[in-house]
Trainee: 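Once you've had a glance at the structure underneath, I'll fire off some questions.
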There are 2 protein chains.
Amino acid sequence: MHSRKVASDIQERIKRLIIDGRLPSGAPLPTEAELMELLGVSRNSVREALKALQAMGIVEIRHGFGTYVGAMSMAPMIEGLTFRTVAGHYRGEDSLLQLLELREALETGLLTRLVGRVPDADLAALDALVERMAAEAERGPVRAETDRAFHAALYRGLDNQLLSEVLEAFWDAFHRVRTDLVDGTPDPQVTCEQHREILAAVRAGDTLRAEAAIRDHFGNIRTRLRSAARPAPD
Amino acid sequence: MHSRKVASDIQERIKRLIIDGRLPSGAPLPTEAELMELLGVSRNSVREALKALQAMGIVEIRHGFGTYVGAMSMAPMIEGLTFRTVAGHYRGEDSLLQLLELREALETGLLTRLVGRVPDADLAALDALVERMAAEAERGPVRAETDRAFHAALYRGLDNQLLSEVLEAFWDAFHRVRTDLVDGTPDPQVTCEQHREILAAVRAGDTLRAEAAIRDHFGNIRTRLRSAARPAPD
DNA sequence: AAGAGTCAGCTGCTCTAACCAACTGAGCTA
DNA sequence: TAGCTCAGTTGGTTAGAGCAGCTGACTCTT
């Protein structure tokens, strides 16, 4: 009776090993054989538990080398979020739009607290990114990486690792789904100008202007999304 | 050479089954035995793949009954986020504060678009929640569920399922970690009054006032968190 | 002696085969 | 008719064997 759920206990116990041992990311975990003995379960159960923990980014498994404490990044969340959005999209929901709305709300909320507090180094980096995007826009579509880097650099000054990763996760999931399922890419020139305006507003310390700028930016993406909607391509 | 990663392929193929089949949440998946044959792999591999998908909330496994398409909620994200925050906390990082900052940014960003657009039904529900919290505050600590319900009901009107779930996930992870690791619970009376003020501002359609109110609310929690910080309890 | 190739040993990965445990539903019993 | 029992299905767990990738020390060549 006391051992009602033998299975998921193993996951918890492995988590405990990490927590109680104050193990940092990258620290080696016991081998499968050691875990078998340590936890008193079969190898198979150990592996299933590790597989689940791996899916959550809590452990990292390297074939022929060993098992390690994972980076605990938001990477697994991207997987789940992407799948969820794709599945929802195919079922005719506006899941991609919802994801965009989530990004917009978050970035808007961050921007107001960011204005006037961006380190000079980041401003310089943002300048460079806007210029790079301008150059790319001349010659056709903008590299996705450039857009991602802009959004990432913008909020770097908040010095919040979790925040950066969550933002990036949302960006990534959105980008993946959009490129896979829709072909409504916004006009590169317009996007570039909007980035420039956001940066200018932030540098000027004008909260309202910055908020308007970022809403414009997302509004642009949203419009393109709506017009290019083709929920169930076969 | 063509089958470099035999393992993770299985996960992808099962995902495909769901996507291509347009399977809605709750739809039954093939049994383990059927998947063995269908994918041409051993039962063990099938189970490991399912275990990973389960950890991501993509499938739901019911002992003795079958395997089903999962709800794809943000529940697994809560797990990962909670663990990450706890681990970071024990290592002396301000992970809990970062999580709070994330919530604050998101709720702030949402609030500005919410003001004046909350359905009457939700306003009534929020009224009731504030009153319930007031009654509870009289007799001591407020039930966590009441606070959660308030934050959930506030953004219900945006009609964005993803948004609601992400907010709830963040709330949940934060709450779990705080109750486990810190004992800096804010004054119930103050919290209640702040909820009342947020609601009043939203009802009045005053964006600035609402923004200030929600910042006050989070500022209060943050202060309590900082003062009660005890990063590494043994 | 220095470098490159090899191989033994770790590690995780996959498979097979058997049995245990939870749930369902048809059939039996009262 | 109401409730129980039991057989069948499904997932859960264990065991043992062999495969596959990586590392590092050993050996052979230069």
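Residue numbering restarts at 1 for every chain, and letters A, B, ... go by the order of the sequence lines.
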Trainee: Could you check which of C/dG12, C/dC19, D/dA15 has an atom nearest any side-chain atom of B/Asn44?
Mentor: D/dA15

Trainee: Let me know the distance between NE2 of B/His63 and C1' of C/dT24, rounded to the nearest Å.
Mentor: 13 Å

Trainee: Might you confirm whether atom CG of A/Asp159 has over 12 heavy atoms from other residues, nucleotides or ligands at distances under 6.0 Å?
Mentor: no

Trainee: Do the side chains of A/Arg113 and B/Glu101 get close enough for a salt bridge, i.e. N-O under 4.0 angstrom?
Mentor: yes

Trainee: Specify the separation, in whole Å, of atom CZ of A/Phe65 and atom P of C/dG12.
Mentor: 11 Å

Trainee: Expressed as a whole number of angstroms, how long is the span from B/Arg43:CZ to C/dC19:P?
Mentor: 14 Å

Trainee: Aromatic contact between A/His151 and A/His175, with the criterion being ring centroids under 6.0 Å apart: yes or no?
Mentor: no

Trainee: Output the rounded distance in Å from CG (B/Leu35) to P (C/dC15).
Mentor: 13 Å

Trainee: Kindly say if A/Thr31 contacts the phosphate of C/dC10, meaning a side-chain N or O under 4.0 Å from OP1 or OP2.
Mentor: no

Trainee: With a cut-off of 6.0 Å (strictly less than), are more than 12 heavy atoms of other residues, nucleotides or ligands near CD of B/Glu145?
Mentor: yes

Trainee: Of all the nucleotides listed (D/dT14, D/dG11, C/dC15), which has the minimum atom distance to the side chain of B/Val41?
Mentor: C/dC15

Trainee: Does B/Thr67 make a side-chain N or O approach to OP1 or OP2 of D/dG11 shorter than 4.0 Å?
Mentor: yes

Trainee: Pick the nucleotide of DNA chain D nearest each of B/Glu32 and A/Ile10; which residue has the one closer to the 5' end?
Mentor: B/Glu32

Trainee: Rounded to the nearest Å, what distance is computed from the NZ atom of residue B/Lys51 to the C1' atom of nucleotide C/dC13?
Mentor: 18 Å

Trainee: How are the rings of A/His217 and A/His195 set to each other: parallel, tilted or perpendicular (split at 30° and 60°)?
Mentor: perpendicular

Trainee: Between atom CD in B/Glu48 and atom P in C/dC13, what is the gap in whole Å?
Mentor: 8 Å

Trainee: Return the value, rounded to whole Å, for the distance between atom CZ of B/Arg47 and atom C1' of C/dC13.
Mentor: 16 Å

Trainee: Expressed as a whole number of angstroms, how long is the span from B/Glu60:CD to C/dA22:P?
Mentor: 18 Å

Trainee: Kindly point out which of D/dA15, D/dG11, C/dG12 is positioned nearest to the side chain of A/Ser42?
Mentor: D/dA15

